[in-house]
Novice: 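Sharing a structure here in structure tokens format.
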Amino acid sequence: MSQFRSDEPPFEDDEAENEMDEDEEDVPLAMRKRKQEEPDQADGGMDDDDIPLLARKKIKKEYKEYKEKTKKKRVKEGADDEYDIIKPKKKKIKQESVIKIVTVSPIKRQKIKEEEEEVWRWWEEEKRADGVKWTTLEHKGPVFAPPYERVPRNVRFYYDGKPLELSEETEEAATFYAKMLNHDYCTKDCNFQEMFNFFQAESEKRKAASKEEKLVKKIENEALMKEYGFCMIDGHKEKIGNFRLEPPGLFRGRGEHPKMGMIKRRIQASDESMVPSPPSGSRWKEVRHDNTVTWLASWIENVQGQVKYIMLNPSSKLKGEKDHIKYETARRLDKVIDKIRATYRDEWKSKEMRDEDQADTVGCCSLRVEHVQLHKELNGKENVVVFDFPGKDSIRYYNEVEVEKRVFKNLELFMEHKKEGDDLFDRLNTQVFRTYNASKTLQSQLDLLTDPSATVPEKLLAYNRANRAVAILCNHQRSVPKGHEKSMENLKEKIKAKRDAIDDCEAEYHDFKKAAKRGSVKEKVNADKKGKQLERLKDQLKKLELQETDRDENKTIALGTSKLNYLDPRISVAWCKKHGVPIEKIFNKTQRTKFLWAVHMADENYRF
DNA sequence: AGATCTACTTAGGACACGTCTA
DNA sequence: TAGACGTGTCCTAAGTAGATCT
């Protein structure tokens, strides 16, 4: 095996601009020369590496400080717009758009087996305990973002009302904004309207393309996927998760992010290397053989200074094995959870805890003092703790929880002598608990809600309800889908129509019945038929009504996240097998490939 | 002992895509 | 037969854990 990393001379922003604008040919030339002269990059290695590193550190530090500041500020002012006050400092950051590649030169190339080839049943193999992730690995490297294509000359950019010529690079940047005109970044001075219109038109064109054109695109895409979307690992073909590099564009943080709208630069390979060959004449920043990690390539993103990776698809052994281990850990927790709970309940009264609140330490549970409110009484309940805080992705968590008096008292103690911004707890780790709670809840809810004699649709509803209980527990929210209101209306109308149909049918049915009573055989048959039709209509109505509740209950709840990340798939597999529900009804194709191990491992008797 | 770094999982939104319906 | 609509996939930001550095 071999790993490599391409080494790109970092350059400053404006230098880059100049080079680009003046003479693109200089770049490859310079590289070639460089390569000849310093094949082992002994020269400016220090400079090249140190400066970007410093810059990165600075970016990160700044952001962290910023976050701290704004957190505290938010508490004080409860303001929403504090981010406007602080402008990201403009500074020259050394280009770090370099790619590291982990790969391998396998001695023997495994013959690639035919598509849809045999499943690698890694779960039937021995697990390695030494942290080595693979012995051979072979891949084609990442796919770079397509080069920028200039907009037609009649599509202009206006500054202060006047059309302005833009360099290629600037124009590209302008298009980033132009594509987001409906967001409120860019209204002052700059006029992106023409560009915006152009892209709108392009998008329309794409949508209106003929079947053939679309097909051509699809085929091209598939070819690319076939070439770059897979790797060979330990002799097995595995799907890669994200084989495309992130294209340049605007950084879009979630919530009120201070770096929102900053430009994320194009990633360069620069410098040629062999195995996965980088585009144009250049080599990778580094080529590395490291079989203790799972990534295939990495680069540094310039806005936040973070390392980004190309990794495998969830269907791969590497990911699947880890997933399996996660659920096994959660199951082990199940065996000791009662003991743990008994212990901490017991320790609620421990004096030891009481002394700790003076220490202003920070643990790994990030709940801070300002995130909870204690109410001796609230809405008729006693000892209520109100949780209210922004969670991951700035999703709000709000919950009023009635707790035992002792817990309440302890919380009071924890909050004593603390100020806003201080952590409420120290040394707390909740990770395994999340997986455990989710899976445990699914199992118990399924037990509770599944009627073995019910129909498949009814069972599915039960499953969804169980899934929903978990999603609520984990606070997996989503914004109400765009057409929700309307789609509910449509559904209601359908239901109404169905009800009318039932009324009509019922009336006819009674008429036939009456007639049948008078003895006519024909009427009897008719009555029978009507009866059956009535039954069917009622069934359909029931389904629609179920769908209505299901959809409405689900409008702000995302089921996918828990299904994909927290629910032991074997619970679902076993449930399907036990109740004769086809697995396709609950796992779509992606989910089935991710959880193939579970489909094979679990029989109907599996219990979490 | 805390800060930082690396590697990896978790997360919701955008958008592409396929299907259903008028 | 297009357009509406719901679902699936892609994208990449935002977390955490554990190792390593200072």
Side-chain angles (χ1 to χ4, degrees), chain A residues 53 56-57 60-61 63-64 67 100 102 131 133 145 179-180 182-183 203 206-209 211 214-215 217-218 221 225 229 239-247 249-255 257 259-260 264 290 292-296 298-301 303-314 318-319 322-323 325-326 329 361-366 390-395 428-432 434-435 438 471 474-484 486-491 494 547 551 554 556-566 587-594:
Chain A
L53 194 69
R56 255 176 75 202
K57 276 187 184 164
K60 280 195 163 175
K61 205 174 143 212
Y63 180 57
K64 208 175 164 192
K67 237 183 161 176
K100 284 196 245 171
V102 174
K133 304 292 183 5
K179 284 174 186 168
M180 298 201 185
N182 10 24
H183 293 262
S203 151
R206 232 176 303 127
K207 275 183 207 151
K211 261 191 185 155
K214 280 184 178 167
L215 192 65
K217 245 195 180 164
K218 198 178 168 191
N221 235 326
M225 161 81 103
K239 200 171 177 190
I240 297 171
N242 53 330
F243 61 92
R244 283 170 217 272
L245 295 175
E246 294 173 14
L250 298 187
F251 177 84
R252 313 241 249 144
R254 301 188 191 130
H257 201 291
K259 299 207 171 186
M260 179 190 291
K264 198 164 70 170
D290 183 353
T292 66
V293 297
T294 67
W295 50 272
L296 309 184
S298 75
W299 73 94
I300 289 162
E301 173 261 14
V303 176
Q304 313 233 66
Q306 291 168 336
V307 184
K308 300 265 191 145
Y309 302 92
I310 301 280
M311 286 187 187
L312 293 182
N313 185 277
L318 249 28
K319 296 288 186 190
K322 204 88 188 291
D323 215 30
I325 291 168
K326 175 179 77 185
T329 310
T361 54
V362 175
C364 49
C365 182
S366 53
K392 185 177 173 183
D393 292 316
S394 298
I395 298 288
L428 212 57
N429 177 342
T430 53
Q431 186 60 49
V432 187
R434 200 164 168 78
T435 307
C474 296
N475 199 39
H476 291 143
Q477 296 188 43
R478 62 169 179 175
S479 47
V480 179
K482 260 183 192 159
H484 181 76
K486 205 171 162 228
S487 90
M488 284 306 282
E489 263 171 44
N490 290 347
L491 206 52
K494 264 192 195 168
Q547 204 182 342
R551 191 177 296 174
N554 228 23
T556 57
I557 299 166
L559 299 186
T561 305
S562 52
K563 213 186 224 179
L564 231 44
N565 299 305
Y566 295 116
F587 285 161
N588 66 31
K589 206 179 155 212
T590 314
Q591 290 158 348
R592 287 199 302 279
T593 51
K594 170 167 180 177

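Proteins get letters first, then strands, A, B, ... in listed order; numbering begins at 1 in each.
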Novice: Specify the separation, in whole Å, of atom CZ of A:Arg592 and atom P of C:dT7.
Specialist: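 The answer, rounded to whole Å, is 16 Å.
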Novice: From CD of A:Glu246 over to C1' of C:dC10, roughly how many Å is that when rounded to an integer?
Specialist: 12 Å
Novice: Tell me whether the side-chain N/O atoms of A:Lys133 come closer than 4.0 Å to OP1 or OP2 in B:dA7.
Specialist: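 So the side chain of A:Lys133 is outside the cut-off, no N or O lying under 4.0 Å from OP1 or OP2 of B:dA7.
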Novice: Please report, rounded to the nearest Å, how far the C1' atom of B:dT6 is from the CD1 atom of A:Ile300.
Specialist: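 In whole Å, B:dT6 C1' and A:Ile300 CD1 are 11 Å from each other.
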Novice: For the side chain of A:Lys133 and the backbone of A:Thr292, is there at least one donor-acceptor N/O pair under 3.5 Å apart?
Specialist: yes
Novice: Name the closest nucleotide to the A:Ala558 side chain, picking from B:dG12, C:dA14, C:dC5.
Specialist: B:dG12
Novice: Taking the six-membered ring for Trp, are A:His476 and A:Tyr566 parallel (under 30°), tilted (30 to 60°) or perpendicular (over 60°)?
Specialist: parallel
Novice: According to a strict under-4.0 Å criterion, is A:Arg434 in side-chain N/O contact with OP1 or OP2 of C:dT16?
Specialist: no
Novice: Let's see if you can work this out: which of B:dG13, B:dC8, C:dG6 has an atom nearest to the side-chain heavy atoms of A:Val293?
Specialist: B:dC8
Novice: Tell me the interatomic distance from A:Leu296, atom CG, to B:dA7, atom P, rounded to whole angstroms.
Specialist: 13 Å
Novice: What is the distance, to the nearest angstrom, from the NZ atom on A:Lys326 to the P atom on C:dA17?
Specialist: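 Checked: the NZ to P distance equals 13 Å.
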Novice: Which pair of non-hydrogen atoms, one from A:Glu301 and one from A:Gln304, has the smallest distance, and what is that distance?
Specialist: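 Residues A:Glu301 and A:Gln304, closest heavy atoms: OE1-N, 2.8 Å.
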Novice: Picking from B:dG13, C:dA14, B:dC8, which would you name as closest to the side chain of A:Met311?
Specialist: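 So the side chain of A:Met311 is nearest to B:dC8.
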Novice: If each of A:Lys589 and A:His484 is mapped to the nucleotide of DNA chain C with the nearest heavy atom, which maps nearer the 5' terminus, i.e. the 5' end?
Specialist: A:His484
Novice: Name the closest nucleotide to the A:Ile395 side chain, picking from C:dA13, B:dG12, B:dC8.
Specialist: B:dG12
Novice: Looking at the side chain of A:Thr294, which of B:dG13, B:dC8, B:dG12 is the nearest nucleotide?
Specialist: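 So the side chain of A:Thr294 is nearest to B:dC8.
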Novice: Under the 3.5 angstrom rule, does the side chain of A:Arg551 hit a backbone N or O of A:His484 as a donor-acceptor pair?
Specialist: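 Not at all, since once roles are kept as given, no pair shorter than 3.5 Å links the two residues.
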Novice: Would you indicate which nucleotide in B:dT6, B:dG13, C:dT12 comes nearest to any side-chain atom of A:Lys308?
Specialist: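 From the listed options, C:dT12 comes nearest.
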Novice: Give the rounded distance in Å between these two atoms: CG of A:Leu312 and P of B:dC8.
Specialist: 10 Å
Novice: Checking contacts here: which listed nucleotide (C:dC10, B:dC8, C:dA14) is nearest the side-chain heavy atoms of A:Tyr309?
Specialist: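 From the listed options, B:dC8 comes nearest.
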Novice: Side-chain N or O of A:Lys486 versus OP1/OP2 of C:dC5: is the shortest distance under 4.0 Å?
Specialist: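 Answer yes for this pair, as a side-chain N or O of A:Lys486 is under 4.0 Å from OP1 or OP2.
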Novice: Need to verify one output field. Residue with the more 5' nearest nucleotide on DNA chain B, A:Lys319 or A:Arg478?
Specialist: A:Lys319
Novice: Taking for each residue the nucleotide of DNA chain C bearing the nearest heavy atom, is the 5' side occupied by A:Gln591 or by A:Asn242?
Specialist: A:Gln591
Novice: Can you tell which of C:dT12, B:dC8, B:dA11 lies closest to the side chain of A:His476?
Specialist: B:dA11
Novice: Could I get the full list of salt bridge (Lys or Arg N to Asp or Glu O under 4.0 Å) partners for A:Glu489, not counting sequence neighbours?
Specialist: none
Novice: Which heavy atom in A:Asn475 sits nearest to a heavy atom in A:Gln477, and how many Å separate them?
Specialist: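 What the structure gives for the nearest pair is OD1-NE2, 3.0 Å.
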Novice: Among B:dA11, C:dT12, C:dA14, which is the nearest nucleotide to the side chain of A:Tyr566?
Specialist: B:dA11
Novice: Heavy-atom nearest nucleotide on DNA chain B for A:Leu318 versus A:Arg206: which residue maps closer to 5'?
Specialist: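 Of the two residues, A:Leu318 wins.
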Novice: Closest approach to the side chain of A:Arg254, judged atom by atom: which nucleotide of B:dG13, C:dC11, C:dA13 is it?
Specialist: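 Ranking B:dG13, C:dC11, C:dA13 by closest atom to the A:Arg254 side chain puts C:dA13 first.
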Novice: Rounded to whole angstroms, how far apart are CG on A:Leu564 and C1' on C:dG15?
Specialist: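 My rounded result for the distance is 16 Å.
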